[in-house]
Amino acid sequence: MIRTIFAAVAAVSLSGVAALAEPAVVMAPGGAGGGYDAMARLPFEAMAKEGIFTDGATFANKGGAGGTIGLTEFVNANKGNDNAVMSMGVIMVGGILLNNSPVTLDDVTPLVRLTNDTGVLAVAPDSAIQSVDDLIAAMKADLGAVSISGGSAGGVDHIVMALIAKEIGLDPAKINYIPYDSGAESVTAVGGGAVVLAVSGVSEFKAMAEAGRIKIIAVTSEGRIDGIDAPSLKEAGLNVVVGNWRGIVGAPDMSDAGKAMWLDRFAKMHDSQAWKDILAAQGWEDAYLAGDDFTAFLGEEKERTAAVLKEVGLIQ
């Protein structure tokens, strides 16, 4: 799906670099309404509101395979394009490994990590599972009967459930995990009884829980989260703490001037009230990390995620 949400109105100069007087090209490597979609669109809403970048943007959604389908399209279509960026995150790191993708994050230009989204485990309001203890008992009784919806296979949602299985002495490779393109689809699945359990981020599930469509039984942070009446997995006795960070990368072979231009824009956006309001509204944690620091973090995440996926039997 491609759509333009605001028109080009002006060109600006950032750090002496002339901004391109045309809409940015933005890839969201996930379905509409999901985390990657929000991470692609909302920074541009904040920048437009604050007058940081007002030339508009066109957005494309291309979900599947842990974000690697969108990544591949982005890389192939935008080499050297200083005006092209893509949302991404830890799910893509795992998706690349799980799908043995020939296109990787080495092919793009890291720009910024922006947020961390605490994970939540949810069930239908009338589910027989109403607590973490209930979930553990159900998994031990019949692991295959506990169908689980979440993001792409090998992503953070999958990893959470694999770690839970391992923690309670079950084979992580045998969990009944069903990947969906977006958190919105996952909510529909669990709320409608198509699956027993759904895993996603606070930002995607909190409003649905408040509306009574689902019941959150646990969060994946170290401790409890304000506004959610559920324990952390660790508080419930499982040593599982996992975060879902997201950020933005630029096109392959982006020029140094182009990279500096976007880093300047995101730095100003990060300090803006409009972005602070978005963080609060979405329930996102501020996890800002830019430029070389983000590049170094990505290298560490590749190693950490590979080790986890190997440990739980998802990759060799």
Side-chain angles (χ1 to χ4, degrees), residues 35 89-91 94 113 115-143 145-151 155-172 174-177 183 186-187 189-191 195-246 279-287 301 304-305 307-309 311-312 314:
V90 65
I91 291 173
R113 184 186 70 186
T115 65
N116 184 64
D117 195 6
T118 294
V120 299
L121 278 64
V123 296
D126 60 353
S127 172
I129 295 173
Q130 292 287 306
S131 68
V132 175
D133 284 344
D134 290 344
L135 175 62
I136 292 171
M139 291 175 69
K140 286 185 173 180
D142 188 348
L143 184 58
V146 183
S147 52
I148 305 155
S149 67
V156 65
D157 303 336
H158 196 169
I159 287 172
V160 165
M161 294 310 303
L163 289 174
I164 290 173
K166 183 171 185 242
E167 185 78 1
I168 62 176
L170 302 175
D171 184 352
K174 293 183 179 179
I175 61 175
N176 183 7
Y177 187 82
S186 192
V187 165
V190 74
V195 298
V196 172
L197 180 78
V199 186
S200 191
V202 169
S203 64
E204 295 185 283
F205 275 16
K206 185 178 179 184
M208 300 300 180
E210 290 171 346
R213 290 183 58 189
I214 57 175
K215 175 183 171 63
I216 295 174
I217 62 169
V219 297
T220 67
S221 49
E222 187 78 25
R224 292 193 175 224
I225 299 294
D226 289 344
I228 295 180
D229 183 21
S232 67
L233 289 170
K234 194 165 186 179
E235 180 185 343
L238 299 174
N239 189 27
V240 177
V241 178
V242 181
N244 184 4
W245 62 263
R246 298 187 182 98
L279 290 176
Q282 294 292 317
W284 287 338
E285 302 163 34
D286 183 3
E301 278 293 271
R304 185 192 69 84
T305 302
V308 170
L309 291 177
E311 184 180 12
V312 300
L314 293 174

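Index from 1, following the sequence.
- Donor-acceptor pairing under 3.5 Å is lacking for the side chains of Thr115 and Glu285.
- Thr220 pairs in a side-chain contact (heavy atoms from CB on, under 4.5 Å) with only one of the listed residues (Val160, Val156, Val240), which is Val160.
- By the 4.5 Å heavy-atom criterion applied to side chains, Leu121 and Val132 are not counted as neighbours.
- A distance of 10.0 Å separates CG in Leu170 from CD1 in Ile175, rounded to the nearest 0.5 Å.
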Full working for side chain to side chain contact (heavy atoms under 4.5 Å, CB included) between Arg304 and Val90: CA-CA 10 Å; Arg304 185 192 69 84; Val90 65; 4.0 Å; yes
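- Between Asp117 and Gln282, every side-chain heavy-atom pair lies at or beyond the 4.5 Å cut-off.
- Here the closest heavy-atom approach between residue Ser149 and residue Ser186 is recorded as OG-OG, 2.6 Å.
- Annotation: the span from Asp286 atom CG to Asn116 atom CG amounts to 10.5 Å, rounded to 0.5 Å.
- To the nearest 0.5 Å, the span separating NZ on Lys206 from OG on Ser200 amounts to 14.5 Å.
- Counting only heavy atoms from C-beta outward, the side chains of Arg224 and Ser232 never approach each other to under 4.5 Å.
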Derivation of the side chain to side chain contact (heavy atoms under 4.5 Å, CB included) call for Glu167 and Asn239: CA-CA 7 Å; Glu167 185 78 1; Asn239 189 27; 3.4 Å; yes
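- Leu279 CG to Trp284 CH2: the interatomic distance, rounded to the nearest 0.5 Å, is 7.5 Å.
- In this structure, the side chain of Gln130 engages the main chain of Pro125 through a donor-acceptor pair within 3.5 Å.
- In this structure the side chain of Ile129 reaches within 4.5 angstrom of the side chain of Ile217, judged on heavy atoms.
- Scanning for ring-ring contact (aromatic ring centres under 6.0 Å, His included) contacts around Phe205 gives an empty result, with sequence neighbours left out.
- Residues Val190 and Ala124 approach most closely at O-CB, 3.5 Å, considering heavy atoms.
- Under a 3.5 Å cut-off, the side chain of Ser127 and the backbone N or O of Val123 do not form any donor-acceptor pair.
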Worked check of side chain to side chain contact (heavy atoms under 4.5 Å, CB included) between Ile164 and Leu233: CA-CA 9 Å; Ile164 290 173; Leu233 289 170; 3.9 Å; yes
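- Side chains of Ile91 and His158 form no contact here, defined as non-hydrogen atoms less than 4.5 Å apart.
- Looking only at side-chain heavy atoms (C-beta outward), Lys140 and Ile168 come within less than 4.5 Å of each other.
- More than 12 heavy atoms of other residues, nucleotides or ligands shown are found within 6.0 angstrom of CG on Asp142.
- In this structure, the side chain of Arg213 does not engage the main chain of Gly191 through any donor-acceptor pair within 3.5 Å.
- Between Val199 and Val120 the shortest side-chain heavy-atom distance does not fall below 4.5 Å.
- Contact annotation: the side chain of Asp157 never approaches that of Ile148 to less than 4.5 Å [non-hydrogen atoms, C-beta and beyond].
- Distance check: Ser203 OG to Asn244 CG gives 8.0 Å after rounding to the nearest 0.5 Å.
- Ser221 and Val241 make their closest contact through C-CG1, 4.0 Å (heavy atoms, listed as atom of the first residue, atom of the second, distance).
- Between Leu238 atom CG and Lys166 atom NZ the span is 13.0 Å, to the nearest 0.5 Å.
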Working for side chain to side chain contact (heavy atoms under 4.5 Å, CB included), residues Glu235 and Glu222: CA-CA 8 Å; Glu235 180 185 343; Glu222 187 78 25; over 6 Å; no
